[in-house]
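Only one structure is covered here, and it is reproduced in the block below.
In the text below, chain A, chain B and the rest are named by the order of the sequence lines, each starting its count at 1. Keep in mind it's a predicted model, so treat the numbers as computed, not measured.
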Amino acid sequence: MAKRAKQESPGRNAAFDRIYAMVDSIPRGSVATYGQVAREAGLPGRARQAGSALRNLPVGSALPWHRVIDARGAIRTPGGRQRKLLEREGVRLQANGRVDLAQYGWRPEW
DNA sequence: ATAATGACTTTCA
DNA sequence: TTGAAAGCCATTA
């Protein structure tokens with residue numbers, strides 16, 4: 001049988017899968033930070049990898065990637081489509097263009 | 001193989 | 001409030 005050709009690093013997929021699972025569990029109308037996603041996924045301190053994982057998502061993914069923002073509540077994705085997606089879900093942005101984490105921040109304990 | 005990059009966070013000034 | 005600096009590490013070059 002075919003030996004699997006050049007598999008990726010073992011840790012990569014596992015980490016990505018956890019991140020994806022986390023993002024997928026963010027309820028509609030709420031947002032989570034990259035750091036929070038990473039931490040809840042069992043990867044404390046690896047917020048960047050959360051970002052990398054999301055950046056790697058194929059277009060048309062069912063994952064609610066737009067619900068992930070930075071620790072200040074600011075949108076870090078280029079373009080500007082994320083803002084629209086959030087507003088469409090009822091997430092209101094402040095005058096400074098940032099999301100009020102105290103209000104929309106996801107609380108997994110709920 | 002090494003070096004630079006980045007959809008980040010936190011702390012300190 | 002802003003900005004610099006250090007920490008983090010998979011991905012890219």
Side-chain angles (χ1 to χ4, degrees):
Chain A
M1 290 337 242
K3 60 182 183 186
R4 54 193 74 199
K6 228 181 225 246
Q7 211 58 259
E8 298 99 16
S9 306
R12 193 181 111 195
N13 289 319
F16 273 50
D17 287 346
R18 289 197 194 96
I19 291 170
Y20 291 150
M22 250 304 295
V23 175
D24 196 35
S25 60
I26 302 173
R28 186 177 174 287
S30 296
V31 298
T33 70
Y34 294 102
Q36 181 181 8
V37 168
R39 199 172 54 246
E40 295 291 329
L43 304 167
R46 301 182 200 179
R48 282 188 132 116
Q49 270 51 2
S52 285
L54 295 185
R55 188 174 199 278
N56 216 307
L57 284 175
V59 179
S61 165
L63 231 64
W65 58 269
H66 55 275
R67 296 178 189 150
V68 184
I69 57 185
D70 79 11
R72 304 171 318 182
I75 290 173
R76 284 287 204 158
T77 58
R81 64 192 185 286
Q82 184 170 11
R83 174 172 180 161
K84 192 174 180 183
L85 285 168
L86 286 174
E87 291 180 319
R88 182 184 297 172
E89 295 196 348
V91 176
R92 305 225 181 184
L93 290 125
Q94 299 170 131
N96 56 12
R98 306 195 326 199
V99 176
D100 182 357
L101 287 176
Q103 182 176 2
Y104 298 103
W106 177 39
R107 292 163 172 73
E109 325 175 40
W110 289 20

Assigning hydrophobic clusters by single linkage (Ile, Leu, Val, Met, Phe, Trp, Tyr; side-chain heavy-atom cutoff under 4.5 Å), is [X] placed with [Y]?
{"X": "L85(A)", "Y": "I69(A)", "result": "no"}
{"X": "V68(A)", "Y": "V91(A)", "result": "no"}
{"X": "L101(A)", "Y": "L86(A)", "result": "yes"}

Got a sec, which pairs hit ring-ring contact (aromatic ring centres under 6.0 Å, His included) with one end in residues 42-63 of chain A, sequence neighbours left out? none

If a pair satisfies ring-ring contact (aromatic ring centres under 6.0 Å, His included) and one of its residues is in residues 74-101 of chain A, list it, with sequence neighbours excluded. none

Within [range], residues whose heavy atoms come under 4.0 Å of DNA chain B:
{"range": "residues 20-32 of chain A", "value": "none"}
{"range": "residues 68-76 of chain A", "value": "D70(A), A71(A), R76(A)"}
{"range": "residues 34-52 of chain A", "value": "Y34(A), G35(A), A47(A), R48(A), G51(A)"}

For the side chain of R81(A) and the backbone of P78(A), is there at least one donor-acceptor N/O pair under 3.5 Å apart? yes

In this structure, how many angstroms lie between the [atom2] atom of [N] and the [atom1] atom of [X], rounded?
{"X": "R83(A)", "N": "dA7(B)", "atom1": "CZ", "atom2": "C1'", "result": "17 Å"}
{"X": "L63(A)", "N": "dA7(B)", "atom1": "CG", "atom2": "P", "result": "18 Å"}
{"X": "N56(A)", "N": "dC8(B)", "atom1": "CG", "atom2": "C1'", "result": "16 Å"}
{"X": "Q82(A)", "N": "dA7(B)", "atom1": "CD", "atom2": "P", "result": "12 Å"}
{"X": "I19(A)", "N": "dC8(C)", "atom1": "CD1", "atom2": "P", "result": "17 Å"}
{"X": "R18(A)", "N": "dA10(C)", "atom1": "CZ", "atom2": "C1'", "result": "15 Å"}

Summary of side chain to side chain donor-acceptor pair (under 3.5 Å) pairs that have at least one residue in residues 70-80 of chain A, sequence neighbours excluded: D70(A)-R76(A), T77(A)-Q82(A)

Salt bridge (charged side-chain N to carboxylate O under 4.0 Å, His left out) contacts touching residues 85-99 of chain A (sequence neighbours left out): R67(A)-E89(A), R83(A)-E87(A)

Compile the donor-acceptor pairs under 3.5 Å between side chains in residues 19-32 of chain A and protein atoms, sequence neighbours left out, one pair per line.
residue, atom, partner, partner atom, Å
Y20(A), OH, A53(A), O, 3.1
S25(A), OG, A21(A), O, 3.4
S25(A), OG, M22(A), O, 2.6

Only distances under 3.5 Å count here; give the side-chain donor-acceptor pairs of residues 33-48 of chain A to other protein atoms, sequence neighbours excluded, each with its distance to 0.1 Å.
residue, atom, partner, partner atom, Å
T33(A), OG1, Q36(A), N, 3.0
Q36(A), OE1, T33(A), N, 3.4
Q36(A), NE2, W106(A), O, 3.0

Considering only atom P, compute the distance from dG7(C) to dA7(B) and round it to an integer number of Å. 22 Å

Reported CD-to-CD distance for the pair Q94(A) and Q103(A), which is rounded to 0.5 angstrom: 8.5 Å

